[in-house]
Amino acid sequence: MGLAKIPAVLWLLGAVLALGVSVSPAQGAKTRYHDFFIKESNYTRLCKERTVLTVNGQFPGPTIYARKGDLVIVNVYNQGDKNITIHWHGVDQPRNPWSDGPEYITQCPIRPGGNFTYRVILSEEEGTLWWHAHSDYDRTTIHGAIVIHPKLGTTFPFKKPHKEIPVILGEWWKADVNHLLEEAERTGGEINISDANTINGQPGDLFPCSKASTYKIPVQHGKTYLLRIINAGLSNDLFFAIAGHNLTVVGTDGHYTKPFTVKHIMIAPGQTMDALLEANRADGGRYYMAARTFATHPDIEVNNSTATAIVEYMDDTPARGLPEFPANLPGVKDIDSATAYTAQLRSLGSKDHPVDVPRQVDERMLVTIAVNVLPCAPHETCGGPDGNRQAASLNNVSFANPSVDILGAYYRSVRGVFDADFPNKPPFFFNFTDVDNDPVERWATKRGTKVKVVEYGAVVEVVFQGTSILGAENHPMHLHGFTFYVVGRGFGNFDEQKDPATYNLVDPPHQNTVSVPKAGWAAIRFRAANPGVWFMHCHFDRHVVWGMSTVFIVKDGKAPEAKMMPPPPNMPTY
């Protein structure tokens, strides 16, 4: 029996005895085992060697391959020098928040020298998801792809590709990013931007000392390749394109879409896109695959670099010469191109992959998204706006991580860890998206560990409303534990009388991370049929650090299969 199997068997036995229900994988599915060793490794980028945390010495980390409905057991051994947790991004984890991973939300971190076994329960997901560290800024280098193939006996809703290629977009800092985070937390100021965007861990040959290590994809004329594209970056929305080729998008966030063909995509941090690349250039050659920052905030510094990889035709002899650059890659501030791309996302809606948008809503929430300030403590000098501390909020509540995990406190009825009064609407209303009017008195927020409690099975609609407080920008909002339907999007202030009439309730995209447009809004719907404690937050990591997050607690239902599983025997302790 492998290392990952022993604690998993004990947990399975305990869960069966406690609930009297099966926690095995679906019929015909498999249990797959992985060992993740968190360790320090040396990597050289941009002419400088750095010691970084990795999984199994790999950057990016290992890809997990599975089929729909499988159970994946991952035993994480922390051989590093700091606390760590791992999140399985986009996996709903039915009834199993214990393995979701966010630090101090569903678990205490795994200490150095410790280990914890995650049970990753795949249910309706099919396509590309990913895993990453969910502690501090550790996901800079601790991340990898999750590839979920169709069940045996079924197939893709498109022609089977010749090859599948994970394409992980990320960022690289020359400095130790956690040291930069510690400094920013000390001063209350901004966190230094990254020095390069990356494709599969490499910045590409537009950067110094990077030509030899540029990532390359060999292709053959007439073949089709499935690119499994992941934005694992911490800070940037990204445009992505391949010179001389179109991309046919067929999936997002582990669910299939109606196919549509584009010259470029826009992908927000946390999102995945599945795209077919047809190697249809009869003349062969070499072509840049490029990822460029898409930035919407007018006043903050961004890494506006372009990462590159190279697609090379290899039919007779390897292609030579300089690669062609994608002339259709949008500019850094091209909001029209980003908006036009996102508007094309639609769920597949086939017999095998049906759409089930809830029509009746039980809980409606209007959640404002803002960057704010907190007052600087006496005798401190702070680096935020007007000498304050940087902060962020949802409905003007800046989330404060507790010192023990919320899930454990909820399960054991421990008082004083959180307050169950996260508001359904902002405390005051104004013209949220007036970018020319940002008075100082709107900047302030208050800290709190407030959660939203909902009944099992309730249909929840959340309208994310962007604001212009300290500058308007896009926000990639991610919800753990659920895949939601993005039923509407727009610019300006959400109008509850008029805007619902524009909703797409027929085939909206099924996602776990939605890009809320600059000075605009996005509406999502989901059925709260997954009991447990689930984090909701912006996937710009600096915003999470500043407090742009909250927690949903979904109560148990009445039936045994509607109740949260008991905790595993080896949960990390504080």
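Index from 1, following the sequence. Just so it is clear, the structure is predicted and the values come from calculations on it, not from any experiment.
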Asks: Should the pair Trp88 and Phe36 be assigned to parallel (<30°), tilted (30 to 60°) or perpendicular (>60°) ring geometry?
Replies: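 Trp88 vs Phe36 ring planes: tilted.
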Asks: I'd like to know if the side chain of Ser135 pairs up with that of Asp138 as donor and acceptor (distance under 3.5 Å, no hydrogens or angles considered).
Replies: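 There is such a pair (donor and acceptor under 3.5 Å, judged by atom type) between the side chains of Ser135 and Asp138.
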Asks: Of all heavy-atom pairs between Gly490 and Pro517, which one has the smallest distance, and what is that distance?
Replies: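 The pair with the smallest heavy-atom distance is O-CG, 3.5 Å.
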Asks: Under the criterion side chain to side chain donor-acceptor pair (under 3.5 Å), I'd like the reasoning laid out for Thr257 against Thr252: C-alpha separation, chi angles, the key distance, then a yes or no.
Replies: CA-CA 7 Å; Thr257 62; Thr252 179; over 6 Å; no
Asks: Which label fits His264 and Tyr341: parallel for a plane angle under 30°, tilted from 30 to 60°, or perpendicular past 60°?
Replies: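 His264 and Tyr341: tilted rings.
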Asks: Check the surroundings of atom CD in Glu49: do more than 12 heavy atoms from other residues, nucleotides or ligands lie under 6.0 Å from it?
Replies: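 Correct, the count exceeds 12.
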Asks: Is the His162 ring parallel, tilted or perpendicular to the Tyr225 ring (thresholds 30°, 60°)?
Replies: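 Ring orientation of His162 relative to Tyr225: perpendicular.
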Asks: Could you tell me whether Arg228 sits above the aromatic face of Trp130, with NZ or CZ closer than 6.0 angstrom to the six-membered ring centre and within 45 degrees of the axis?
Replies: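 The answer is no; the distance or angle limit is not met.
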Asks: Looking only at the side chains, is there a donor atom on one of Thr141 and Thr54 sitting less than 3.5 Å from an acceptor on the other?
Replies: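 Side-chain D/A pair, Thr141 to Thr54: absent.
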Asks: If you define the side chain from C-beta out and look only at heavy atoms, does anything of Asn504 sit under 4.5 Å from Val487?
Replies: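 No - every pair of side-chain heavy atoms lies 4.5 Å or more apart.
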Asks: Atom NZ of residue position Lys258 - does it have more than 12 heavy atoms of other residues, nucleotides or ligands inside 6.0 Å?
Replies: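 Result for NZ/Lys258: enclosed.
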Asks: Got a salt bridge between Glu312 and Arg286, using NZ or NE/NH1/NH2 to carboxylate O under 4.0 Å?
Replies: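 Salt bridge: yes.
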Asks: Rounded to the nearest 0.5 Å, what separation is found between the CG atom of Asn115 and the CD atom of Gln79?
Replies: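 Asn115 atom CG to Gln79 atom CD measures 10.0 Å (nearest 0.5 Å).
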Asks: Students often mix this up, so state it plainly: with edges at 30° and 60°, are the rings of Phe294 and Phe239 parallel, tilted or perpendicular?
Replies: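 Tilted: the ring planes of Phe294 and Phe239 meet at 30° to 60°.
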Asks: Quick one: do the Glu103 and Thr85 side chains pair a donor with an acceptor below 3.5 Å?
Replies: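 No, Thr85 and Glu103 have no side-chain donor paired with an acceptor closer than 3.5 Å.
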Asks: So, Asn303 versus Ser194: side-chain donor-acceptor pair below 3.5 Å or not?
Replies: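 Yes - a donor-acceptor pair under 3.5 Å links their side chains.
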Asks: Counting only heavy atoms not in Gln344, do more than 12 fall under 6.0 Å of its CD?
Replies: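 Enclosed: over 12 neighbouring heavy atoms sit under 6.0 Å from CD of Gln344.
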Asks: For atom NZ of Lys82, decide whether the heavy atoms of other residues, nucleotides or ligands shown that lie under 6.0 angstrom number more than 12.
Replies: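 Enclosed: over 12 neighbouring heavy atoms sit under 6.0 Å from NZ of Lys82.
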Asks: Please find the pair of heavy atoms, one from Tyr485 and one from Pro358, that lie closest to each other, and give the distance.
Replies: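 Here Tyr485 and Pro358 meet closest at CD1-CD, 4.2 Å.
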Asks: Anything under 30° is parallel, anything over 60° is perpendicular, the rest tilted; go ahead and classify Phe526 against Phe482.
Replies: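 Answer is tilted, since the angle falls between 30° and 60°.
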Asks: Phe158 vs Tyr256 aromatic rings, parallel, tilted or perpendicular, using cut-offs 30° and 60°?
Replies: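 The rings of Phe158 and Tyr256 stand perpendicular, inter-plane angle above 60°.
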Asks: Start with the C-alpha gap between Arg542 and Glu473, add the side-chain angles, then the distance that decides, and say whether salt bridge (charged side-chain N to carboxylate O under 4.0 Å, His left out) holds.
Replies: CA-CA 14 Å; Arg542 69 187 188 280; Glu473 62 181 315; 3.4 Å; yes
Asks: Could you tell me whether the side chain of Tyr287 reaches within less than 4.5 Å of the side chain of Phe325, counting heavy atoms only?
Replies: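 No, side chains not in contact.
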Asks: Are Arg45 and Asp195 ion-paired here, with the side-chain N under 4.0 Å from a carboxylate O?
Replies: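 Salt bridge between Arg45 and Asp195, a charged N being under 4.0 Å from a carboxylate O: no.
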Asks: For a quick test of reading the model, state the closest non-hydrogen atom pair linking Gly481 to Trp534 and the distance between them.
Replies: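 Closest heavy-atom pair between Gly481 and Trp534: CA-CE3, 3.4 Å.
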Asks: With a 3.5 Å cut-off and no angle check, do the side chains of Thr51 and Asn42 form a donor-acceptor pair?
Replies: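 There is such a pair (donor and acceptor under 3.5 Å, judged by atom type) between the side chains of Thr51 and Asn42.
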Asks: Does NZ in Lys216 sit with more than 12 non-hydrogen atoms of other residues, nucleotides or ligands closer than 6.0 Å?
Replies: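 Yes, because the 6.0 Å sphere around NZ of Lys216 holds more than 12 heavy atoms from other groups.
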Asks: Do Thr128 and Asp274 have side-chain atoms, one donor and one acceptor, less than 3.5 Å apart?
Replies: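 On atom types as modelled, these side chains qualify, holding a pair under 3.5 Å.
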Asks: Are His510 and His353 close enough that their ring centres sit under 6.0 Å apart?
Replies: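 No; His353 has its ring centre 6.0 Å or more from that of His510.
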Asks: State whether Glu461 and Arg527 are salt-bridged, where the test is any N-O pair (Lys NZ or Arg NE/NH1/NH2 against Asp/Glu carboxylate O) under 4.0 Å.
Replies: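 So Glu461 does not pair with Arg527 through a salt bridge.
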Asks: Roughly how far apart are Ile165 CD1 and Thr63 OG1, rounded to 0.5 Å?
Replies: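 Going from CD1 on Ile165 over to OG1 on Thr63, the span is 12.0 Å.
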Asks: Indicate whether the side chain of Asp92 and that of Asn530 have a donor and an acceptor atom separated by less than 3.5 Å.
Replies: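 There is no such pair (donor and acceptor under 3.5 Å, judged by atom type) between the side chains of Asp92 and Asn530.
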Asks: Please tell me if the side chains of Pro508 and Tyr503 come closer than 4.5 Å, counting only heavy atoms from C-beta onward.
Replies: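 Side-chain contact under 4.5 Å: no.
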Asks: Name the orientation class of the two ring planes belonging to Phe59 and His143 (parallel below 30°, tilted from 30 to 60°, perpendicular beyond 60°).
Replies: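 Judged by the thresholds at 30° and 60°, the geometry between Phe59 and His143 is perpendicular.
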Asks: Centre-to-centre under 6.0 Å for His134 and His480, is that the case here?
Replies: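 Yes, they do, as the ring centres are separated by less than 6.0 Å.
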Asks: Which class fits the ring pair His478 and His89: parallel under 30°, tilted 30 to 60°, perpendicular over 60°?
Replies: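 Judged by the thresholds at 30° and 60°, the geometry between His478 and His89 is parallel.
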Asks: Using a distance-only test with no angle check, is there a side-chain donor-acceptor pair under 3.5 angstrom linking Ser99 and Gln93?
Replies: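 There is no such pair between these side chains.
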Asks: Asn512 versus Leu129: any side-chain heavy-atom pair under 4.5 Å?
Replies: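 Yes, close enough: below the 4.5 Å cut-off.
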Asks: Please test Arg32 against Asp70 for salt bridge (charged side-chain N to carboxylate O under 4.0 Å, His left out), starting from the C-alpha separation and ending with a verdict.
Replies: CA-CA 7 Å; Arg32 303 173 187 270; Asp70 282 354; 2.5 Å; yes
Asks: Are side-chain heavy atoms of His543 and Val371 found at a separation under 4.5 Å?
Replies: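 His543 vs Val371: side chains touch.
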Asks: Do Ile310 and Ile217 make a side-chain contact, defined as non-hydrogen atoms from C-beta onward lying under 4.5 Å apart?
Replies: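 In short, these two side chains do not touch, never coming nearer than 4.5 Å.
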Asks: Among Val72, Ile142, Val74, which residue meets the side chain to side chain contact (heavy atoms under 4.5 Å, CB included) test with Trp131?
Replies: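 Among Val72, Ile142, Val74, the one that satisfies the side chain to side chain contact (heavy atoms under 4.5 Å, CB included) with Trp131 is Ile142.
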Asks: State, without any angle test, whether His539 and Gln271 hold a side-chain donor-acceptor pair at a distance under 3.5 Å.
Replies: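 Note: His539 and Gln271 side chains miss the donor-acceptor criterion.
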Asks: Decide whether Thr117 and Asn75 meet the rule of one side-chain donor and one side-chain acceptor closer than 3.5 Å.
Replies: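 Yes.
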